[in-house]
There are 2 protein chains.
Amino acid sequence: MPPSYNVYEDRCPARQVLDRLADKWALLILARLQNEPVRFNQLRRDIKGISQKVLSQTLKKLERDGLLSRSVFATVPVTVEYALTDLGQSLVQTVNTFAHWAEQHMDTVLLAQAQYDACAASNPGA
Amino acid sequence: MPPSYNVYEDRCPARQVLDRLADKWALLILARLQNEPVRFNQLRRDIKGISQKVLSQTLKKLERDGLLSRSVFATVPVTVEYALTDLGQSLVQTVNTFAHWAEQHMDTVLLAQAQYDACAASNPGA
DNA sequence: TGTACCTAGTTTCTTTTTGATACCAACAAA
DNA sequence: TTTGTTGGTATCAAAAAGAAACTAGGTACA
């Protein structure tokens, strides 16, 4: 039987889920949380280049989607810990595969880019 | 030994590769090409909601990265076919896993969203 | 001959999103 | 008292995405 949901369909909820996950910051956050809960500022330090605003927004979205949980501890100053839920854990392997692909095939991609750019430079009109 | 590249590092090329792939349109294009070459307007029709501009831009980037190839045939009117390269093929399985995760876990995500929103509505000040 | 339509895009303009920066409250350490 | 920590929010400029019109080269129809 055909699948109930289809990511190619514009308004299918599965597409919306894919839209949420197909985001570099979301993937990096999920990957960073795979082994242990991590606090807000630690995430900010570890995931180089993320801004506080985007980190905050992305964490909220991932929490809303049930992929991670937010725990507040009444320490001084306050401690907020983010951890993967079971649902988030179920996605981590795929996220890792993705990150590893990027790390492993990077040289090939860089080479392809250089070739493309060289070709474009010698054929400016094409 | 530690990996040469690290997606958590801001300027690491691997991060840039991840940035490129962590894009819903790029993933949907790669997934659509997995079984056969597809033409521009066919992609536009199949991937619901993509605009011509973004499709054109994304195809160029993926071609530059060496993930797909662009072939022009001198038919009337002209035919342009996009196909996965070997490098693109090596990524397709991961892309599929992602899309399938979205389709399979969607109900859980929708439920989590509803719970989150209900809780937020009853705790407007929190 | 004019009109409409096909291909594969590009251009233009508006709206949305992102990123950088500053700011906030509460408290600790020097 | 100034500096630093926690976890954020507010503001504003820049970048990206989206919607729509437009291009070019040609076919088909009437």
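Letters go in sequence order (proteins before strands), and every chain restarts at 1.
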Residues forming a salt bridge (Lys or Arg N to Asp or Glu O under 4.0 Å) with B/Arg32, sequence neighbours excluded: B/Glu36, B/Asp46

Check the interface with nucleotides 15-23 of chain C: list each N/O to N/O pair with the protein under 3.5 Å, or write none.
{"residue": "C/dG19", "atom": "OP2", "partner": "A/Trp25", "partner atom": "NE1", "Å": "3.2"}
{"residue": "C/dG19", "atom": "N7", "partner": "A/Lys53", "partner atom": "NZ", "Å": "3.0"}
{"residue": "C/dG19", "atom": "O6", "partner": "A/Lys53", "partner atom": "NZ", "Å": "2.5"}
{"residue": "C/dA22", "atom": "N6", "partner": "A/Gln52", "partner atom": "OE1", "Å": "3.4"}

Please list, in numerical order, the residues of residues 36-48 of chain B that have a heavy atom closer than 4.0 Å to any atom of DNA chain D. none

For chain B, the stretch of DNA chain D it reaches, first to last nucleotide, under 4.0 Å of its heavy atoms: D/dA17 to D/dT27

Checking all strands, does A/Phe73 fall into the base, sugar-phosphate, or nothing category for heavy-atom contacts under 4.0 angstrom? nothing

Which residues satisfy the side chain to side chain donor-acceptor pair (under 3.5 Å) test with A/Glu9, sequence neighbours excluded? B/Lys48

My understanding is that only residues two or more places apart in sequence, or in another chain, count here; which of them pass ring-ring contact (aromatic ring centres under 6.0 Å, His included) with B/Trp25? none

List in chain and number order the residues that pass side chain to side chain donor-acceptor pair (under 3.5 Å) with B/Tyr8, two or more places apart in sequence or in another chain; answer none if no residue qualifies. none

Less than 4.5 Å apart, side chain to side chain, heavy atoms only: is that true for B/Leu55 and B/Ile29? yes

Result block: side-chain N/O donor-acceptor pairs under 3.5 angstrom for residues 106-113 of chain B, not counting sequence neighbours:
{"residue": "B/Asp107", "atom": "OD1", "partner": "A/Tyr5", "partner atom": "OH", "Å": "2.9"}
{"residue": "B/Gln113", "atom": "NE2", "partner": "A/Asp65", "partner atom": "OD1", "Å": "2.7"}

Got a sec, which pairs hit salt bridge (Lys or Arg N to Asp or Glu O under 4.0 Å) with one end in residues 74-96 of chain A, sequence neighbours left out? none

For B/Ser90, all residues meeting side chain to side chain donor-acceptor pair (under 3.5 Å), sequence neighbours excluded: A/Trp101

Applying salt bridge (Lys or Arg N to Asp or Glu O under 4.0 Å), can you list everything that pairs with B/Asp19, at least two apart in sequence or on another chain? A/Lys24

Contacts of A/Thr97 meeting side chain to side chain donor-acceptor pair (under 3.5 Å) (sequence neighbours excluded), chain-then-number -> none

